[in-house]
K.L.:
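Got a structure for you, questions after.
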Amino acid sequence: MKPTRLILLACLTLLFAGCASAVPAETGQAPKLKKGMTCAPGIGPAQSESDKEKTGAMAHKVQKSEEEWKAQLTPEQFQITRQKGTERAFTGKYYNCHKEGVYKCACCGAELFSSKEKYDSGSGWPSFWQPHTKENVAEHSDTSYGMQRTEVTCSQCGAHLGHVFEDGPKPTGQRYCINSASIELDEKK
Ligand code: FE
């Protein structure tokens with residue numbers, strides 16, 4: 001066999017070997033991209049159910065375009081709730097607030113936390129030892145910035161609220177560390 005044919009044969013063998021190794025061992029089938037999907041998770045407009053679970057991007061009851069959220073929210077609220085930002089400690093309007101009432105989502109108005117479960121954590125962010133309306137508060141794994149944390153979002157609209165840590169007071173031992181910009185206090189009259 002001529003050397004050029006040998007090289008061609010070697011290239012074809014490598015190509016097929018490469019394809020075979022890309023087949024997931026669990027299914028034995030090559031991954032398929034749905035129409036409209038990109039390879040990068042969370043960027044494409046359409047995601048499979050399993051991808052949504054992985055990224056925490058479950059379908060929300062309240063859905064608005066980026067432009068609609070921008071028009072509704074202050075620039076700080078938009079950056080924190082829709083782009084997963086964090087306000088500086090000791091700057092938010094609620095970290096030192098002791099008024100009674102229910103804290104609602106700044107984006108969609110869903111009831112999230114209550115002054116009854118709020119406490120002074122000393123962190124500089126409003127802190128709660130449990131959500132007031134559990135079904136409206138979702139938790140997701142967050143590995144951004146090289147840290148392993150649990151992100152807290154509004155389950156109705158997907159707004160980023162903050163994170164939950166395991167160093168809270170009794171009885172739950174949890175600390176829901178929430179951005180003031182993500183919530184609005186509906187004061188008890
Ligand atoms: Fe919301």
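As the structure lists them, so they are numbered: ligands from 1, and atoms in each ligand from 1. If you read the sequence from its start, that first residue is 1, and numbering goes on from there.
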K.L.:
Under 30°, 30 to 60°, or over 60°: which ring-plane class applies to Tyr95 and Phe90, parallel, tilted or perpendicular?
P.N.:
perpendicular
K.L.:
Rounded to the nearest 0.5 Å, what separates atom NZ in Lys99 from atom OG in Ser115?
P.N.:
11.5 Å
K.L.:
Using the side chain to side chain contact (heavy atoms under 4.5 Å, CB included) criterion, which residues pair with Ser180? Sequence neighbours excluded.
P.N.:
Glu87, Lys93, Tyr94, Pro126
K.L.:
Among residues two or more places apart or on two chains, list those pairs meeting salt bridge (charged side-chain N to carboxylate O under 4.0 Å, His left out) that have a residue in residues 167-180.
P.N.:
Asp167-Arg175
K.L.:
Over 60° means perpendicular and under 30° means parallel, so tell me whether His163 and His160 are parallel, tilted or perpendicular.
P.N.:
perpendicular
K.L.:
Work out how many protein N, O or S atoms lie closer to the Fe ion (ligand 1) than 2.8 Å.
P.N.:
4
K.L.:
Hey, could you give me each pair passing side chain to side chain donor-acceptor pair (under 3.5 Å) that has a residue in residues 125-135? Not counting sequence neighbours.
P.N.:
Glu117-Gln130, Ser121-Ser127
